[in-house]
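Here's the structure, in structure tokens; my notes come after.
The figures here come from the full heavy-atom set of this structure, side chains too, leaving out hydrogens, waters and symmetry mates.
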Amino acid sequence: MAKRSEKDDMGKYQKLKRAQILAQKDEERMSDVEALSEESSSDSEDEVDKKEERKESKWINRERVLVFCSRGADFRARHLMNDMKRQAIQAMMPHAKGESKMDKSAPMNQIAEIALMKNCTKTIYFETRKHKDLYMWMGNISDGPTVKFLVNDVHTMKELKMTGNVLKGSRPVLSFDATFDKEPHYALIKQVLTQTFSTPNHHPRSQPFIDHVFTFSITPNHRIYFRNFQIVDETLQLQEVGPRFVLHVDKIFSGAFEGEVLYENPLYVSPTASRRIMKQKKYTIIIMFNLIIPIYRADAFAQKKQQQEDYKKKKIKIEELKDEVIEDPVGEMYDTNLEIEDREALGIMKVLDGRVTKRISKKNTKLAKKNKKAKAAKANRVAN
């Protein structure tokens, strides 16, 4: 019994020793895992920080532009809008987003809410009136301002079919006329155009190339002409791509599609007013070298009165000429009642008269026969 007890004690001791060894190994493993986890977490945090720094250093300008139109837009407005958005083959603005058409009765304040829902900071809104007149509203959603343009002479890419060709999503160079820096309202419009049309650097949908130029030039009649040119090679040769359109400044508002009027163009004439002038015909507008030249014309009522008086005078003259007896100087040559003295002429006249009488007699006999047959047929019908 003593030997068994000693063996049992030895077995218990070995088990305890094994358990202690296993516990030490487990502790060592746990310490190693904690150390590795601390190192990996520090490395992951460093990598995340580096990635965020890279993103911030690359894509800093997060401008997005919402481009959409109102209901009732014509085909030119829709094609111009598609040329600007990134859905087009040669997208002008890869940082643009689209939206469904907006109802005309909706208030203009609603545009800012739609842009915020789309996570956009700038907006280009095409408004059509009377299915004829196209207006472009361009503004900043956060604090304003908003510029209202009248758009004329719209020519889209598909319509022009120019030889120029640019890469889809490439970034443009913006070129402005020197007159933009001379007046304050033009300087403000320049900032709005720059922030709207310039593609942000390192934008995800843009390409890291600069191969075209947007030009904004002001003409003597205070219109802003937009053109899009391709940079062909290093010699800076240009080829037009399209689209092209003309902007006429109407008003500048302080807020986002609302607020006080900061500037109102005194030279602006609405399309309805110009059409009214043309209907009255007090002025005729001749466009030469992109300049509108008004020429005074007499009143339409006075013109009608003059036309009526001229017609009356002409009618009186015609009646007077009808009453006059004018002798015919060649009447004797065409007088058929004169006697013919030449024998040959008399013979010809007799032959002609005989032929005519024969023809008439033949026709008369034929008609008489037809009439007799018709009378006989009627008599037979009545008898039967």
Side-chain angles (χ1 to χ4, degrees), residues 65-102 123-138 147-177 193 196-199 205-207 211-219 221-232 237-250 271 274-275 278 285-292:
V65 182
L66 182 65
V67 182
F68 68 114
C69 65
S70 64
R71 294 197 179 276
D74 60 347
F75 69 97
R76 289 185 183 277
R78 285 187 279 106
H79 281 266
L80 178 62
M81 183 178 64
N82 291 329
D83 288 344
M84 288 185 177
K85 291 191 293 186
R86 61 170 178 261
Q87 283 84 358
I89 295 171
Q90 295 173 332
M92 289 172 53
M93 302 167 65
H95 61 294
K97 290 185 177 181
E99 177 62 19
S100 59
K101 294 178 182 178
M102 182 178 168
T123 304
I124 297 176
Y125 174 63
F126 292 97
E127 182 186 7
T128 54
R129 297 178 184 175
K130 299 181 181 179
H131 300 279
K132 298 178 183 177
D133 308 325
L134 179 62
Y135 293 89
M136 180 192 288
W137 295 73
M138 189 183 300
V147 187
K148 181 185 176 184
F149 300 101
L150 175 66
V151 187
N152 294 321
D153 301 332
V154 178
H155 300 285
T156 59
M157 288 183 182
K158 291 183 179 179
E159 182 185 359
L160 291 172
K161 294 181 180 178
M162 293 290 185
T163 56
N165 187 15
V166 297
L167 185 69
K168 181 180 178 182
S170 60
R171 298 179 64 220
V173 175
L174 272 64
S175 174
F176 290 92
D177 194 358
L193 293 171
T196 305
F197 283 96
S198 61
T199 302
R205 294 186 180 274
S206 66
Q207 299 291 336
D211 61 351
H212 59 289
V213 183
F214 292 163
T215 61
F216 299 92
S217 55
I218 299 174
T219 57
N221 59 348
H222 303 281
R223 305 287 200 279
I224 300 172
Y225 274 59
F226 173 84
R227 295 289 184 273
N228 182 14
F229 295 97
Q230 176 199 359
I231 303 171
V232 180
Q237 291 183 358
L238 301 178
Q239 288 183 354
E240 190 170 359
V241 181
R244 58 168 69 167
F245 52 87
V246 182
L247 302 175
H248 191 189
V249 183
D250 181 11
S274 61
R275 282 195 290 269
M278 290 295 291
I285 295 174
I286 300 172
I287 299 173
M288 294 177 63
F289 306 106
N290 299 323
L291 294 173
I292 296 175

Quick check against the 3.5 Å criterion: does [X] have a side-chain atom that pairs as donor or acceptor with the backbone of [Y]?
{"X": "Gln230", "Y": "Asn165", "value": "yes"}
{"X": "Arg227", "Y": "Thr215", "value": "no"}
{"X": "Asp211", "Y": "Ser170", "value": "no"}
{"X": "Ser70", "Y": "Thr128", "value": "yes"}
{"X": "Arg76", "Y": "Val154", "value": "yes"}
{"X": "His95", "Y": "Thr196", "value": "yes"}

Inset, instruction - Calculate, to the nearest 0.5 Å, the distance between atoms CD and NE2 belonging to Glu240 and His155 respectively. - result: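 Those atoms lie 10.0 Å apart.
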Flag the pair [X] / [Y] as yes when at least one side-chain heavy-atom distance between them is below 4.5 Å, and no otherwise.
{"X": "Val241", "Y": "His212", "value": "no"}
{"X": "Leu134", "Y": "Phe245", "value": "no"}
{"X": "Thr219", "Y": "Tyr225", "value": "yes"}
{"X": "Met138", "Y": "Ile124", "value": "yes"}

Legend entry - Stepwise salt bridge (Lys or Arg N to Asp or Glu O under 4.0 Å) test for Arg223 and Asp153: CA-CA 11 Å; Arg223 305 287 200 279; Asp153 301 332; over 6 Å; no
Inset, instruction - Indicate the atoms forming the closest heavy-atom contact of Leu80 with Pro243, along with that distance. - result: CD1-CG, 3.8 Å
Legend entry - Centroid separation Phe68 to Tyr125 less than 6.0 Å: yes
Legend entry - Step-by-step side chain to side chain contact (heavy atoms under 4.5 Å, CB included) determination, His222 to Val249: CA-CA 8 Å; His222 303 281; Val249 183; over 6 Å; no
Legend entry - side chain to side chain contact (heavy atoms under 4.5 Å, CB included) assessment of Arg275 paired with Lys132: CA-CA 12 Å; Arg275 282 195 290 269; Lys132 298 178 183 177; 4.1 Å; yes
